[in-house]
Number of protein chains: 2
Amino acid sequence: MAFQETFKALSDPVRRDILEMLKNGKLSAGEIGQKFEMTGATISYHLSILKKAELVRESKFKNFIYYEINTSVFEEIMLWFTQFGKINNETTNSNGGKNE
Amino acid sequence: MAFQETFKALSDPVRRDILEMLKNGKLSAGEIGQKFEMTGATISYHLSILKKAELVRESKFKNFIYYEINTSVFEEIMLWFTQFGKINNETTNSNGGKNE
DNA sequence: CAGGTATTTAGAAAAGTTTCTAAATAGAAA
DNA sequence: TTTCTATTTAGAAACTTTTCTAAATACCTG
């Protein structure tokens, strides 16, 4: 997984809204687009970024393309965040704990 | 907390590197800058974005400004991610589970 | 106070992102 | 096969972000 692509993908509010729409299951590109005041081309651009970041997967049925969440990349991102959970001040501090 | 500011702040690799540098304790703006091939002005710009997003806090000592991680915002972001943990396909699916 | 170091602010250039319209593709239905 | 619907691709315009240089601020040391 490429962190850069994943975080960039998550940095846009339209794309985070799309992910929230998908958390209860698959939706087609058209169904997703109905919720936004944007052209289908723009939604397609956002979906392509989510797909490149592997945050969603697509599947085809008739002439629809369905999108759904790909949980595994979310798990890897969560793991990245865990490193900031516990902070160790004072001991490794460059100024020997002099300030505050 | 403003999600938009937080996710935008996390979307830049320089800012994520700064956060990783800070996970063992405080560092001054100058100490942070030494690790990058960028002017101090650019580092200052990145620090201002991390500060606005409340991902870091600053404290002054002599004529240095020290930066450190602010854990609470990380916790809120982690919470946002948990909603994507369990996916419920088939039941709420707009196409009645016809595809795949 | 004068000179020095650390950091920020302002403004501009360069690079990247988001959105649009118009055209292309692909598959379904008639 | 022709036409229709769903979606994507291409190219351009508008906007945002990142970086730089130069100048400003702020605080420390002698």
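Within every chain, numbering begins at 1; the chains are lettered A, B, ... in the order of the sequence lines, protein sequences first and strands thereafter. On a predicted model such as this, the values are computed, not experimentally measured, just so you know.
- For DNA chain D, the outermost nucleotides in 5' to 3' order that have an atom under 4.0 Å from a heavy atom of chain A are dT5(D) to dT9(D).
- Comparing Lys62(B) and Tyr45(A) along DNA chain D, the residue whose closest nucleotide (by nearest heavy atom) sits nearer the 5' end is Tyr45(A).
- With a 4.5 Å cut-off on side-chain heavy atoms, Leu27(B) and Ile18(B) do not count as touching.
- Phosphate contact (OP1/OP2 of dT17(C), side-chain N/O of His46(A), threshold under 4.0 Å): absent.
- As rounded to whole Å, 19 Å separates atom C1' of dT17(C) from atom CZ of Phe7(A).
- Whole-Å rounding puts the Asp12(B) CG to dT17(C) P distance at 11 Å.
- Counting to the nearest Å, the C1' atom of dT18(C) and the NZ atom of Lys8(A) are 13 Å from each other.
- Judged by distance alone, the side chain of Glu5(B) and the main-chain N or O of Leu50(B) form no donor-acceptor pair under 3.5 Å.
- The nearest whole Å value for the distance from the CD1 atom in Ile18(B) to the P atom in dT7(C) is 12 Å.
- Remark: side-chain polar atoms of Arg15(B) are not paired, donor with acceptor, to backbone N or O of Leu10(B) under 3.5 angstrom.
- In terms of position along DNA chain C, the nucleotide closest to Ser48(B) lies nearer the 5' end than the nucleotide closest to the other residue of the pair Arg15(A) and Ser48(B).
- In this structure, the CD1 atom of Ile65(A) is 10 Å from the C1' atom of dG27(C), given to the nearest Å.
- Within the 3.5 Å criterion, the main-chain N or O of Glu54(A) finds a donor-acceptor partner in the side chain of Asn70(A).
- Every residue two or more places apart in sequence or in another chain that forms a salt bridge (charged side-chain N to carboxylate O under 4.0 Å, His left out) with Lys51(A) is listed here: Glu58(A).
- For Glu76(A) (side chain) and Val73(A) (main-chain N/O), no donor-acceptor pair under 3.5 Å exists by modelled atom type.
- Note: CZ (Phe64(A)) to P (dA28(C)) measures 10 Å, nearest angstrom.
- Following rounding to the nearest Å, Glu31(B) (CD) and dT5(C) (C1') show an atom-to-atom distance of 14 Å.
- Residues of residues 34-42 of chain B that place a heavy atom closer than 4.0 Å to DNA chain C, in numerical order, are Gly40(B), Ala41(B).
- Formation of a donor-acceptor pair under 3.5 Å by the Thr6(A) side chain with backbone atoms of Ala2(A) is found in this model.
- Put simply, the side chain of Met21(A) reaches to within 4.5 Å of the side chain of Phe36(A), judged on heavy atoms.
- Taking the centre of each ring, Trp80(A) and Phe81(B) stay at or above the 6.0 Å mark.
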